[in-house]
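Quick caveat: nothing in here was measured; it's all calculated off a predicted structure.
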Amino acid sequence: GQQLNQSPQSMFIQEGEDVSMNCTSSSIFNTWLWYKQDPGEGPVLLIALYKAGELTSNGRLTAQFGITRKDSFLNISASIPSDVGIYFCAGQIGSARQLTFGSGTQLTVLP
Amino acid sequence: NAGVTQTPKFRVLKTGQSMTLLCAQDMNHEYMYWYRQDPGMGLRLIHYSVGEGTTAKGEVPDGYNVSRLKKQNFLLGLESAAPSQTSVYFCASSPWTGNTEAFFGQGTRLTVV
C-alpha cells in the first residue's frame, strides 16, 4: 500500500519549546490531516488541509500542505504538558475516501 | 451526541476462538472503517464500507470479515483468532460529501493468547 514517512518517531522537549514534525510520501495526496491520540483513546482530528500550499492554524498548532502535495508539517508552539501524546499524519489519495496513516510521533513534554 | 461507539473496550481470546466487534455511529455518516493499531506502525486499514450493504478490503484484510447491514453499524468479525491479531482496533466514520475527515471511536484492545 501507500506509505507515509513520519518523523521524528519520538521527541522529548522542555515545556515552552516549539515542536515540528513532518510527513513525506512518494505519492501525491489530495488531503492531509493531523490527528492526536491520547493514551487509551482514539485519534482526534487537529487540523485538516485540502489545498497545496495551504497553511492552517488551530490555536498553538500550525500545519501546512506542501506545494508538491507529497508532504506536510505540523508545528506546535510554546508546548505545554497536555500536548503529550502521539501525533499522526494521514492523507487521502485520489478519489478514495479511506486515509493512509503515518507511523506517528510520540511527543513527551518535560516540565 | 455519542459519535462513534465501540464495544467491547477490552477482550481476551484464546487462539481459534471467534468474536465480533461492534461499531455504532450516530452521525448519519455513509463511510465507516476498521483500523488496527500496532506499536510503531500507525493505523492500518482492515476493511471499510461506503454505505449500507457494501464492504471493501483495506490494506490488511486477511483473517477478518465485516458486515454493514445497517447504516449506523459496522461489525468486524474474527472467525478463528490468532496471536498475530492481538492489537488495538479502531472504528471510524466519515460523511459522504465534502471533507474526508474521519471520526474515531475509543478503540477495542484485543489480546489473543
S.K.: Which atoms of A:Leu99 come close to chain B, meaning under 4.5 Å heavy atom to heavy atom: side chain ones, backbone ones, both, or neither?
M.R.: both
S.K.: Which residues in residues 61-74 of chain A have any heavy atom lying under 4.5 Å from a heavy atom of chain B?
M.R.: none
S.K.: Treating Ile, Leu, Val, Met, Phe, Trp and Tyr as nodes and any side-chain heavy-atom pair under 4.5 angstrom as an edge, say whether A:Ile93 and A:Trp32 lie in one connected cluster.
M.R.: yes
S.K.: Among B:Ala102, B:Ala56, B:Gly107, which residue has the highest count of heavy-atom pairs closer than 4.5 Å to chain A?
M.R.: B:Ala102
S.K.: Check the hydrophobic clustering (I, L, V, M, F, W, Y; side-chain heavy atoms under 4.5 Å; chains of links allowed) and say if B:Phe90 and B:Val66 are grouped together.
M.R.: no
S.K.: Hey, is CZ on B:Arg44 packed in by over 12 heavy atoms from elsewhere, all under 6.0 Å?
M.R.: yes
S.K.: Check whether B:Leu45 gets within reach of chain A through its side chain, its backbone, both or neither, counting any heavy atom under 4.5 Å.
M.R.: side chain
S.K.: Indicate, with yes or no, if B:Val88 and B:Leu21 share a hydrophobic cluster defined by side-chain heavy-atom contacts under 4.5 Å among Ile, Leu, Val, Met, Phe, Trp and Tyr.
M.R.: no
S.K.: Same cluster or not: are B:Ile46 and B:Val112 linked, directly or through other Ile, Leu, Val, Met, Phe, Trp or Tyr residues, by side-chain heavy atoms under 4.5 angstrom apart?
M.R.: yes
S.K.: Rounded to the nearest 0.5 Å, how far does CG of A:Leu45 lie from OG of B:Ser94?
M.R.: 11.5 Å
S.K.: Could you give the distance from CD (B:Glu101) to CD1 (A:Ile47), rounded to the nearest 0.5 Å?
M.R.: 11.5 Å
S.K.: Under a single-linkage definition using a 4.5 Å side-chain heavy-atom cutoff for Ile, Leu, Val, Met, Phe, Trp and Tyr, are A:Met11 and A:Tyr87 assigned to the same hydrophobic cluster?
M.R.: yes
S.K.: Select all residues of residues 101-111 of chain A having any heavy atom within less than 4.5 Å of some heavy atom of chain B, and report them by number, or 'none'.
M.R.: A:Phe101, A:Gly102, A:Ser103
S.K.: For atom CD of B:Glu79, is the number of surrounding heavy atoms from other residues, nucleotides or ligands below 6.0 Å larger than 12?
M.R.: no
S.K.: Quick check for you: among B:Gly105, B:Gly42, B:Gly58, B:Cys91, which has the greatest number of heavy-atom pairs under 4.5 Å with chain A?
M.R.: B:Gly42
S.K.: Please classify the contact of A:Glu41 with chain B as side chain, backbone, both or neither, using a heavy-atom distance under 4.5 Å.
M.R.: both
S.K.: More than 12 heavy atoms of other residues, nucleotides or ligands under 6.0 Å from CD of A:Gln9: is that the case?
M.R.: no
S.K.: Check each atom of B:Gln6 against the heavy atoms of chain A and say whether the ones under 4.5 Å are side chain, backbone, both or neither.
M.R.: neither
